[in-house]
Number of protein chains: 2
Amino acid sequence: MKLTRRQQEIYDILRDNLDHFDQPPTYDELCRLLGLSSRGSLHKHIQALIQAGLLEPMEGLQRGIRLVESVEVEEGIPFLGRIAAGRPIEAISQAALMKVPDEMLTGKSCYVLQVTGDSMIDEGIFDGDYVVIEQRDSADNGDIVVALVNNEEATLKKIKQQSDRVILYPANASMAAMVYKPEEIQVQGVLTGLLRCYR
Amino acid sequence: MKLTRRQQEIYDILRDNLDHFDQPPTYDELCRLLGLSSRGSLHKHIQALIQAGLLEPMEGLQRGIRLVESVEVEEGIPFLGRIAAGRPIEAISQAALMKVPDEMLTGKSCYVLQVTGDSMIDEGIFDGDYVVIEQRDSADNGDIVVALVNNEEATLKKIKQQSDRVILYPANASMAAMVYKPEEIQVQGVLTGLLRCYR
DNA sequence: TTGATTTGTTCTCCAGTTGTTCTCTATTCT
DNA sequence: AGAATAGAGAACAACTGGAGAACAAATCAA
């Protein structure tokens with residue numbers, strides 16, 4: 001909805017003076033601020049701003065003119081924390097959002113983890129890199145997955161699932177593959193992207 | 001639709017002065033700005049610009065002259081093309097925009113290239129990876145840079161600048177470093193981020 | 001509870017502004 | 001000459017913004 005000049009002006013004034021009121025202003029107060037002498041005139045503008053979704057509707061109450069909270073359109077996917085072989089995912093307290101290229105997103109639910117350790121170094125995933133993970137509970141053989149081992153350790157490894165066992169391969173010549181029973185391993189997600197920041 | 005000279009001129013002025021108005025200008029205001037004395041004359045030009053899709057139609061409302069908002073608030077930085085050692089940057093025809101984490105941006109002008117070849121494999125930069133580059137014409141020793149060699153080849157290498165020579169180190173045990181005269185090398189940008197898409 | 005006051009709403013009326021539509025003229029280019 | 005481009009100016013309807021009165025519901029005071 002497009003605003004007229006006066007509507008825009010009133011909205012701006014309303015925003016600018018929001019701190020100066022300790023209560024939401026009434027029509028009369030706002031009229032005084034705007035130099036209007038008629039509440040009826042102001043009412044038309046207020047209604048237009050409500051229509052535009054910029055002010056809260058009154059709903060029959062007399063509690064002053066309130067701005068609607070601006071709906072921030074935060075973009076990105078959540079950065080959940082660190083993943084290190086041998087420990088649960090170390091969750092970060094406040095989930096920051098991280099913008100990632102659309103190419104890394106799959107349409108399904110994705111999140112970002114920071115990798116700790118060198119277990120995937122031969123795949124070009126270094127200590128401190130960020131990985132984009134698609135949330136899933138199954139994977140194809142050869143996928144790099146976030147796997148939960150025995151319900152307590154989370155790890156990033158290449159997976160090979162056989163009927164009677166599951167093998168997790170690190171990508172590091174100096175580390176050995178680990179073999180588990182299928183019920184010991186729970187796939188939590190599949191690697192879809194890698195991010196690294198220099199400096 | 002082609003614009004006449006005056007139409008183009010008016011459109012440019014309109015764009016340039018958009019910040020100077022706090023409201024969309026009325027015909028009268030714009031007439032004053034253009035030195036016209038007749039709203040009717042301006043009206044013809046405005047109509048032509050509306051026809052051309054550059055201005056919003058009035059729809060019987062009196063809200064001033066508005067540019068059509070390019071609704072695409074496409075976020076991201078431009079993906080410019082491929083970089084391979086030994087060739088100029090292979091530019092892509094239409095510059096796509098790629099969203100990247102804020103952490104990879106420096107506040108200065110940045111762009112994305114796709115890496116071809118394995119010359120940086122030991123740094124975890126693989127064939128097909130995307131690199132985020134900050135546009136710069138100088139670098140610190142040890143930085144990974146996009147360097148233009150002899151004004152014709154572009155390459156991604158680690159740089160070491162000495163008073164009498166410049167050395168470009170690949171990060172690949174099977175490749176040798178190259179030594180150049182300072183005037184042969186032109187730094188085009190510095191690596192600030194890495195992106196890799198799986199699948 | 002009751003009455004007075006405040007507050008938001010609705011209505012009519014009015015003036016100035018704004019966009020539109022004319023006609024007429026001047027200039028430039030083909 | 002004719003077409004295209006540009007501008008001046010007048011006249012007009014519609015839109016915008018405002019005043020003020022009257023009203024009902026919410027709120028406050030006693």
*A:Glu29 vs A:Gln23, side-chain contact (heavy atoms from CB on, under 4.5 Å): CA-CA, chis, key distance, verdict*: CA-CA 11 Å; A:Glu29 287 172 339; A:Gln23 300 277 338; 6.0 Å; no

*Whole angstrom value for the distance that separates P of C:dG8 from CZ of A:Arg66*: 11 Å

*Once each nucleotide of nucleotides 19-24 of chain C is scored for protein heavy atoms under 4.0 Å, what B/S/- sequence comes out, 5' to 3'?*
BSB---

*Should we say atom CZ of B:Arg15 is surrounded by more than 12 heavy atoms from elsewhere, each under 6.0 Å from it?*
no

*asked:* Can you tell whether the side chains of B:Arg63 and B:Glu56 come within less than 4.0 Å, N to carboxylate O?
replied: no

*Value in whole Å for how far the C1' atom of D:dA8 lies from CZ of B:Arg6*: 13 Å

*Specify the separation, in whole Å, of atom CZ of B:Arg5 and atom P of D:dA4.*
17 Å

_Please report the distance, rounded to the nearest Å, between CD in A:Glu9 and P in D:dT16._
15 Å

*Distance in angstrom units between B:Gln7 CD and D:dG7 P, rounded*: 10 Å

_Residue met sooner reading DNA chain D from 5', once B:Gly35 and A:Gly35 are mapped to nucleotides_ = B:Gly35

*Determine whether more than 12 heavy atoms belonging to other residues, nucleotides or ligands lie under 6.0 Å from atom CE of A:Met58.*
yes

*Give a yes/no answer on whether the side chain of B:Thr4 brings an N or O atom under 4.0 Å of OP1 or OP2 in D:dA6.*
yes

_Between P on C:dT7 and CG on A:Leu30, what's the gap in Å once rounded to a whole number?_
13 Å

*How long is the line joining CG of A:Leu55 and P of C:dG8, in whole Å?*
12 Å

*Nearest-Å distance, NE2 (A:His45) to C1' (D:dA19)?*
13 Å

*Are the side chain of B:Asp122 and the backbone N or O of B:Ala173 linked by a donor-acceptor pair below 3.5 Å?*
yes

*If you count the non-hydrogen atoms of other residues, nucleotides and ligands that lie under 6.0 Å from CD in B:Glu9, is the total more than 12?*
yes

